[in-house]
Amino acid sequence: MIITSTRVAIVLTLSGILFDISAVNAAPQSIMVLNAQGQPAQNMVVYLLPSAPANIVTTVAPSKAEVHQKDKQFSPYITVVQKGNDVAFVNEDDITHHIFSALGPKRFSFKLRHQQQQQILRFEQTGHVSMGCNVHDWMSGHLLVVDTPFYAVTNLQGIVTFEHLPADDFKLVVWHPQLKMPDNQQVKPVHFPSDNTMTITLQADFDSIPSQQSLDEFEFLEGY
């Protein structure tokens with residue numbers, strides 16, 4: 001009888017360990033964003049704000065954030081970064097750009113010559129940073145600084161997938177600079193994990209996205 005009881009205790013302990021491991025390695029969580037017409041909405045920022053402050057900390061390293069200037073455009077048009085992290089501005093053109101932001105949580109203005117290649121800035125406050133170029137006034141780009149490690153941008157199918165989400169109640173935020181809603185965002189309380197892909201349908205349309213293309217090609221003053 002003693003031997004049998006010992007075996008039962010060992011099985012229960014191992015079962016508990018296996019349960020903990022499965023909780024850590026939870027299945028990826030997918031979210032689909034649809035526009036007001038029910039079509040996949042690509043290039044939308046989706047981020048999750050956990051209720052428990054401890055869940056803002058994660059062992060997963062943040063993805064490296066870069067804003068490129070290529071063919072006289074910002075690429076990507078929208079970049080997301082977690083508060084306290086760096087963003088590298090990379091000039092891939094063979095001309096000078098003068099990148100600036102006059103509004104938002106961080107104001108900056110710097111020339112980025114093609115020989116210099118990149119400038120690194122750290123963003124310590126959350127918010128929306130709208131960017132332009134003093135040399136090429138049609139260029140526009142957007143940077144969103146969030147206070148969470150759980151963020152992504154929807155793909156062509158309107159889907160984002162999060163790995164290693166803790167079990168918690170979240171505020172799910174869908175954001176785009178042209179979304180015609182207060183603060184350009186739609187918010188929904190959710191709980192994860194969920195067994196199914198969650199679908200969010202936007203309740204508003206978009207303003208037109210400005211074209212990053214000049215009507216009159218010109219080169220700026222030599223030596224700028």
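Along the sequence shown, the residues carry numbers beginning at 1.
Between the side chain of His176 and the backbone N or O of Gln178 there is at least one donor-acceptor pair closer than 3.5 Å. A donor-acceptor contact shorter than 3.5 Å is absent between the side chain of His68 and the backbone of Asn91. The backbone N or O of His191 sits nowhere less than 3.5 Å from a side-chain atom of Asp169 that would complete a donor-acceptor pair. Panel note: side chain Asp71, backbone Gln73; no donor-acceptor pair is recorded below 3.5 Å. For the pair Thr154 (side chain) and Met44 (backbone), a donor-acceptor distance under 3.5 Å is present.
Taking both residues in full, the closest heavy atoms of Ser130 and Ser101 are given as O-OG, 2.9 Å, listed atom of the first, atom of the second, then distance. Taking every heavy atom of both residues into account, Tyr151 and Phe162 meet most closely at N-CE2, 3.3 Å. Here the shortest heavy-atom pairing between Cys133 and Phe100 reads N-CE2, 3.4 Å. Heavy atoms only, all atoms of each residue included: Glu66 and Thr79 are closest at O-OG1, 4.0 Å. When all heavy atoms of Ala41 and Leu202 are compared, the pair lying nearest together is CB-CD1, 4.4 Å. Scanning all heavy atoms of the two residues, the minimum distance from Ile200 to Gln186 falls at CG2-NE2, 3.9 Å.
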Take Asp205 and Lys180, measure what salt bridge (Lys or Arg N to Asp or Glu O under 4.0 Å) needs, and give me the verdict at the end. CA-CA 6 Å; Asp205 290 320; Lys180 294 193 288 187; 5.5 Å; no

Would Phe192 and Phe170 count as a side chain to side chain contact (heavy atoms under 4.5 Å, CB included) if you check the C-alpha gap in whole Å, the side-chain angles of each, and the deciding distance to 0.1 Å? CA-CA 7 Å; Phe192 291 125; Phe170 293 87; 3.7 Å; yes

Apply side chain to side chain contact (heavy atoms under 4.5 Å, CB included) to Lys111 and Arg113, showing your working. CA-CA 6 Å; Lys111 295 178 184 179; Arg113 296 180 172 86; 3.9 Å; yes

Apply side chain to side chain contact (heavy atoms under 4.5 Å, CB included) to Thr199 and Leu34, showing your working. CA-CA 7 Å; Thr199 301; Leu34 303 178; 3.7 Å; yes

Check step by step if side chain to side chain contact (heavy atoms under 4.5 Å, CB included) holds for Ile159 and Ile31. CA-CA 6 Å; Ile159 295 175; Ile31 300 169; over 6 Å; no

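Contact of the Val87 side chain with the Val67 side chain is registered, since non-hydrogen atoms from C-beta on lie closer than 4.5 Å. Looking at heavy atoms from C-beta onward, Thr96 lies out of side-chain contact with Leu112 at the 4.5 angstrom threshold. Side chains of His97 and His136 form a contact here, defined as non-hydrogen atoms less than 4.5 Å apart. A heavy-atom distance below 4.5 Å is not found between the side chains of Pro40 and Leu156. For the pair Ile95 and Lys72, the minimum side-chain heavy-atom distance is below 4.5 Å. Taking the side chain as every heavy atom from C-beta outward, Phe74 and Ile99 approach each other to under 4.5 Å. Two residues are said to be in side-chain contact when any heavy atoms from C-beta on lie closer than 4.5 Å; Val80 and Val153 meet this criterion. With a 4.5 Å cut-off on side-chain heavy atoms, Ile78 and Leu144 do not count as touching.
For the residue pair Ser109 / His98, a side-chain donor-acceptor distance below 3.5 Å is found, with atom types taken as modelled.
Grouping the Ile, Leu, Val, Met, Phe, Trp and Tyr side chains by contacts below 4.5 angstrom, directly or via other members, places Val190 with Phe150. Linking Ile, Leu, Val, Met, Phe, Trp and Tyr whenever their side-chain heavy atoms come within less than 4.5 Å leaves Val173 and Ile56 in two separate clusters. Linking ILVMFWY side-chain heavy atoms closer than 4.5 Å, directly or via other members, places Phe206 and Val33 in a single hydrophobic cluster. Residues Ile209 and Leu179 do not share a hydrophobic cluster, defined by chaining ILVMFWY side chains whose heavy atoms lie under 4.5 Å apart. Hydrophobic clustering, with ILVMFWY side chains joined whenever heavy atoms are under 4.5 angstrom apart, groups Val145 together with Phe108.
Under the 30°/60° scheme for interplanar angles, the aromatic rings of His128 and Trp175 are found to stand perpendicular. Using cut-offs of 30° and 60° on the angle between ring planes, the pair Phe89 and Phe123 is tilted.
Considering Leu48, Asn196, Thr161, Leu165 as possible partners of Gln29, the one that fulfils the side chain to side chain contact (heavy atoms under 4.5 Å, CB included) test is Leu165.
If you look at Tyr77 and His142, their ring centroids are closer than 6.0 Å.
The line from CG of Leu121 to NZ of Lys106 is 6.0 Å long, rounded to the nearest 0.5 Å. Between atom CD of residue Gln82 and atom OG1 of residue Thr126 there is a gap of 11.5 Å, rounded to the nearest 0.5 Å. To the nearest 0.5 Å, atoms CD (Glu92) and OG (Ser75) are separated by 7.5 Å.
In summary, Asp147 and Lys83 engage in a salt bridge, as defined by a charged side-chain N under 4.0 Å from a carboxylate O.
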